[in-house]
Structures are given as structure tokens and as C-alpha cells.
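One structure is given below, encoded as C-alpha cells.
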Amino acid sequence: MRISQELLDEIIAHAHEDAPNECCGLVAGRDGNATAVHRARNSFESPLRYEVHPQDQFRIMMAIEDAGEEIAAIYHSHTKSEAYPSQTDVNLARNWPDPVYLICSVANDEPVVRGFEIREGGVAETELEVQG
Ligand SMILES: [Zn+2]
């Protein structure tokens, strides 16, 4: 998936603002290109897990559909651990296997964003082609 540095910076900023809790949201896209970052509330307001707030999910999905785009990715942050899916993340992805999962770690000084496909309990890293 291709994503601009500007959009990655938006995700990183969200992660910093919501720390120590995990942040989450959706990334809109078209033809494999990320086009917009939509922030959502984390229902759990927790440093250990996240759920895209159902009201936000509905609102954002409508906005993405209205724009003629699709959900390219779901993002969330890890504030204490590396940018790799936890078992909780793998379990959660069973309900929604299609999007790329972006995980932004702000556990260290240098923020890291990585992308994964999480399907049927398996995790595969997907390359992020960062532009600009
Ligand atoms: Zn996670």
C-alpha cells in the first residue's frame, strides 16, 4: 500500500496525543493509495487494547463511501510495545480481515509505523511504500 509521509505523520500525531492510551482510526484509500486519515475514538480508552468506537466507525465509513473511496487500513497505536500485532489484535482482526492493519509504536523516541495483513490468525507484514 502506498501512503504519504504526511498521512503517516497524522497517525503518529494522533498516537502521541492519546498516549498512554492506544489511539485508533481508519485510513481511506483508492487503488492501493491511502488518501485520508480519519480519527476515531477508542471505545476502551485503554493503554492495552482498542476498539474503533461504533458510532465513529459508522460515520467514517459513510464519509469514505460518499467520497467514492474504500477502507484501506485500520490503524492503532502501541504506546508501550513494538509495532507488531498483539494476540488481542489478531483475535480482533478475525471480525474484519480485509483491511491492512497499521500499527504505530510510540514506545521509543523514534515512532515506527508498520503494516500487516492479519487473516485467519496469521500475521504477514505488508510493505508500506512511503511517498513524499
Ligand atoms: Zn495492538
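A quick note: this is a predicted structure, and the numbers were derived from the prediction, not measured. Note that the numbering runs from 1 along the sequence shown for the chain. Indexing begins at 1, ligand by ligand and atom by atom, following the structure's order.
Under 2.8 Å from the Zn ion (ligand 1) lies no N/O/S atom of Glu22, from backbone or side chain alike.
For the atom pair OG of Ser86 and CZ of Arg49, the computed distance is 11.0 Å after rounding to the nearest 0.5 Å.
Applying side-chain contact (heavy atoms from CB on, under 4.5 Å) to Leu26 and the options Ile60, Val37, Asp56 leaves one that passes, Ile60.
Counting non-hydrogen atoms of other residues, nucleotides and ligands closer than 6.0 Å to CD of Glu65 gives a total of 12 or fewer.
When you scan the N, O or S atoms of Asp89 for the one nearest the Zn ion (ligand 1), you land on OD2. Counting just the N/O/S atoms of His78, the one with the shortest distance to the Zn ion (ligand 1) is named NE2.
For the pair Thr35 and Leu7, the tightest heavy-atom approach, listed with the atom from each and the gap, is C-CD1, 3.8 Å.
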